[in-house]
Participant: 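Here's a structure for you.
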Amino acid sequence: MVLSHLYDVLIVGGGYTGAALAVRLSRQAGRALSVGVIERRDDVGRGVAYTPVHPDYRLNGPDAVHIVLPDRPSDFPDWLQRNGLLETDAGGRAATGAFFARRADFGRYMAELFQAHKAVNSTGTDLTHICARATALDTGPTSSTVTLEDGRQLTARLAVLATSNERPAVPEPFQGDVRRHFGFLPNPWELDRLAALASDTPILVLGTGLTAADVITALAAQGHTGPIDAVSRSGLLPMDQNPNLDQESMWERFMHTPPRFVKKHGALANVSDILRCLRLDIADRAAEGKTWHGAFDDLRDAARTLWPYLPFDEQQRFRRHLKSWYETRRFRIAPQVHAVLDAYQKAGHLTISAARVITARGSAGGGIAVTCLPQGPGDTWEKTYGAVINCTGPSTRPADSGNPVMAQLASTGAAVPHPTGHGFLVDRECRAISASGEPQTALRIIGPLTRGTFMETGSVPAVSYQIYKIMPDVLTLLNAA
């Protein structure tokens with residue numbers, strides 16, 4: 001194949017992470033760069049998370065924490081103000097006064113931010129949207145080559161994998177014939193299929209996390225009155241927001257070296273000690289009449305410092321025993337969404353269960369018969385549902401993602417899957433680690449795919465901070481003669 005273009009940087013994935021990196025490069029580069037963003041959607045910046053247009057899908061945090069540009073921390077709230085959304089989006093303002101924007105509006109903001117910097121930027125950098133799908137990524141000592149679905153090959157001094165785990169994982173009991181059942185919805189973001197469900201349809205939601213909360217909120221908005229059962233191994237819903245605002249912004253907290261939790265307790269090296277210190281901090285807050293949120297936030301801010309130095313067996317202990325507990329407190333929902341879930345539960349429309357599905361089959365009446373095994377004591381139970389909605393989230397293992405680039409990197413050893421099962425192994429500068437154990441100079445991996453290494457890489461501010469940390473090293477490479 002003939003190489004059709006030479007770039008300084010090729011970014012594979014043009015959702016939030018890829019768009020944020022491209023914009024930051026165009027603002028901070030020491031010279032004019034050529035940066036290509038490979039994104040098959042029509043816009044760069046929306047991705048999976050911010051494409052949904054349902055008006056009740058809201059950001060999980062208030063507008064002020066969605067910091068994309070550290071030198072302009074209020075850029076997103078200012079954009080909301082300029083576009084009149086603080087006034088016209090009547091459902092965005094919570095009782096606390098904080099504003100929780102629609103996800104689709106944040107996606108629009110990111111798309112406009114990318115387009116504005118594509119049109120003009122302070123460094124003269126050429127930002128190009130390559131509207132295509134990448135199918136392979138080959139890396140060498142000084143450059144990387146990306147192959148596109150149409151056969152084109154593009155080369156760059158630096159390739160950056162900025163995708164998330166794309167394809168929702170279908171739970172094992174639904175991987176047989178029932179997967180093709182008209183009542184099984186494998187992709188929870190297919191809003192047309194949600195809207196087509198009859199209002200009295202009995203529904204089973206697989207999962208009780210953020211995606212499940214969105215789906216149940218959408219069903220409530222369309223007047224669903226039938227019973228909804230939601231099951232997960234933990235049976236835990238995402239928690240509510242912190243009622244006590246921190247005096248420092250999230251970005252200011254990120255700048256603490258060491259983070260507040262580490263400064264107070266030290267660099268703890270096992271999960272039991274971390275949990276013990278967290279409980280002490282929660283008790284101290286309770287004595288002051290405060291909730292658990294602030295103490296937990298201090299731990300969250302320290303996770304990127306503590307996690308990389310935990311022994312692997314400690315990381316696995318966390319995954320087995322505390323992961324669900326941590327995530328339901330870490331990834332909170334907007335008060336508006338919390339109110340919907342609470343009202344549905346009180347009205348008897350929504351039941352949450354700690355259980356796992358062990359069998360699923362098409363029933364004689366046209367529905368889906370599902371057998372569940374409760375966590376803990378109790379007998380199995382079987383119910384028939386008119387629809388089953390898969391909200392378990394994507395597989396975190398690169399080979400299972402459905403993304404050909406991730407599968408190829410894993411199979412060739414160009415990038416090693418993280419032993420915890422979360423994304424890829426990278427070094428502190430987000431350089432991919434190859435099967436030989438060497439960091440790849442011409443390949444970086446950022447965003448959710450680095451969770452196994454850093455733990456905190458899935459939110460807007462966490463990704464923004466990750467880009468901030470690696471930018472000096474990236475610019476040193478790109479600015480070298």
Side-chain angles (χ1 to χ4, degrees), residues 12-13 15 17-18 47-49 133-139 159-176 179 186-189 206-212 232-234 303 307-308 310-324 326-327 330-331 356-357 390-427 430-437 439-440 443-459 462-463 466:
V12 181
T17 302
V48 175
R133 190 185 194 202
T135 57
L137 197 166
D138 298 288
T139 186
V160 182
L161 185 60
T163 63
S164 61
N165 294 287
E166 295 182 352
R167 184 169 60 190
V170 175
E172 193 274 334
F174 295 88
Q175 290 180 4
R179 183 173 186 165
N187 183 356
W189 306 118
L206 304 175
T208 59
L210 295 174
T211 302
S232 69
R233 302 243 176 155
S234 68
W307 181 260
L310 285 178
F312 179 65
D313 61 340
E314 288 294 304
Q315 293 181 349
Q316 291 295 74
R317 284 184 65 207
F318 169 85
R319 280 175 55 90
R320 286 194 303 269
H321 303 297
L322 294 174
K323 180 173 175 285
S324 295
Y326 180 91
E327 291 190 343
R330 165 64 185 91
F331 298 105
R356 63 185 178 91
V357 176
N390 179 28
C391 297
T392 57
S395 171
T396 61
R397 298 182 184 277
D400 299 335
S401 71
N403 183 306
V405 171
M406 285 193 272
Q408 178 233 353
L409 289 173
S411 66
T412 61
V416 176
H418 197 278
T420 61
H422 282 283
F424 288 102
L425 185 65
V426 298
D427 69 6
C430 292
R431 290 175 294 200
I433 304 299
S434 69
S436 66
Q440 300 270 47
L443 175 60
R444 311 248 177 170
I445 302 175
I446 63 173
L449 290 179
T450 64
R451 188 181 180 197
T453 300
F454 300 112
M455 173 57 90
E456 283 293 330
T457 61
S459 66
V463 171
Q466 185 180 54

Participant: Compare every heavy atom of Ala414 with every heavy atom of Thr139, then report the nearest pair and how far apart it is.
Facilitator: CG2-CB, 4.2 Å

Participant: Any side-chain donor paired with an acceptor under 3.5 Å for His418 and Thr420?
Facilitator: yes

Participant: Test of understanding: with side chain to side chain contact (heavy atoms under 4.5 Å, CB included), list the residues that count as partners of Ala410, not counting sequence neighbours.
Facilitator: Pro417, Phe424

Participant: Could you measure the distance from the CZ atom of Arg397 to the NE2 atom of His422? Nearest 0.5 Å is fine.
Facilitator: 8.5 Å

Participant: Quick one, Phe174 and Leu206 - any side-chain contact, counting heavy atoms below 4.5 Å?
Facilitator: yes

Participant: Rounded to the nearest 0.5 Å, what separation is found between the OG atom of Ser164 and the CZ atom of Arg451?
Facilitator: 13.0 Å

Participant: Kindly indicate, with the supporting measurements, whether the criterion salt bridge (Lys or Arg N to Asp or Glu O under 4.0 Å) is fulfilled by Glu327 and Arg330.
Facilitator: CA-CA 5 Å; Glu327 291 190 343; Arg330 165 64 185 91; over 6 Å; no

Participant: Looking only at heavy atoms, what is the nearest atom pair of Phe454 and Trp307, with distance?
Facilitator: C-CD1, 3.9 Å

Participant: For the pair Thr208 (side chain) and Ser234 (backbone), establish whether a donor and an acceptor sit closer than 3.5 Å, ignoring hydrogens and angles.
Facilitator: no

Participant: Measure the shortest side-chain to side-chain distance between Pro404 and Arg133 over non-hydrogen atoms and say whether it is less than 4.5 angstrom.
Facilitator: yes

Participant: Only counting residues at least two apart or in another chain, list the ones meeting side chain to side chain donor-acceptor pair (under 3.5 Å) with Thr453.
Facilitator: none

Participant: For a 4.5 angstrom cut-off between non-hydrogen side-chain atoms, does Gln408 reach Asp138?
Facilitator: yes

Participant: Ignoring hydrogens and angles, tell me if any N or O in the side chain of Trp189 forms a donor-acceptor pair with the backbone of Ala49 under 3.5 Å.
Facilitator: no

Participant: Quick one: do Leu310 and Arg317 satisfy side chain to side chain contact (heavy atoms under 4.5 Å, CB included)? Show the steps, please.
Facilitator: CA-CA 10 Å; Leu310 285 178; Arg317 284 184 65 207; over 6 Å; no

Participant: What residues form a side chain to side chain donor-acceptor pair (under 3.5 Å) with Thr211, not counting sequence neighbours?
Facilitator: none

Participant: Atom CZ of Arg444 and atom OG1 of Thr450: how far apart are they, to the nearest 0.5 Å?
Facilitator: 12.5 Å

Participant: Going from OG on Ser434 to CD on Gln440, what distance comes out if it is rounded to the nearest 0.5 angstrom?
Facilitator: 5.0 Å

Participant: Atom CD of Gln316 and atom NE2 of His321: how far apart are they, to the nearest 0.5 Å?
Facilitator: 10.5 Å

Participant: Minimum heavy-atom separation for Ala462 to Glu456, with atom names?
Facilitator: CB-O, 3.6 Å

Participant: Do Val12 and Leu137 have side chains that get closer than 4.5 Å, going by heavy atoms?
Facilitator: yes

Participant: With the side chain counted from C-beta on, respond yes when Gln315 and Met455 share a heavy-atom pair under 4.5 Å apart, and no when they do not.
Facilitator: no

Participant: Thr163 vs Val405, test: side chain to side chain contact (heavy atoms under 4.5 Å, CB included). Steps then yes/no.
Facilitator: CA-CA 10 Å; Thr163 63; Val405 171; over 6 Å; no

Participant: Restricting to non-hydrogen atoms, name the atom on Thr457 and the atom on Val463 that form the minimum distance, rounded to 0.1 Å.
Facilitator: O-CG2, 3.3 Å

Participant: If you round to the nearest 0.5 Å, how far is OG1 of Thr17 from CD1 of Ile445?
Facilitator: 12.5 Å

Participant: Heavy-atom distance under 4.5 Å between the side chains of Pro439 and Ile433, does that happen here?
Facilitator: yes

Participant: Are side-chain heavy atoms of Arg233 and Ser324 found at a separation under 4.5 Å?
Facilitator: no

Participant: Compare every heavy atom of Thr392 with every heavy atom of Asn390, then report the nearest pair and how far apart it is.
Facilitator: OD1-OG1, 2.7 Å

Participant: So do the side chains of Pro398 and Leu449 get within less than 4.5 Å of each other, counting heavy atoms only?
Facilitator: no

Participant: If you compare all heavy atoms of Val170 against all heavy atoms of Gln175, which two are closest, and at what distance to 0.1 Å?
Facilitator: O-NE2, 2.7 Å

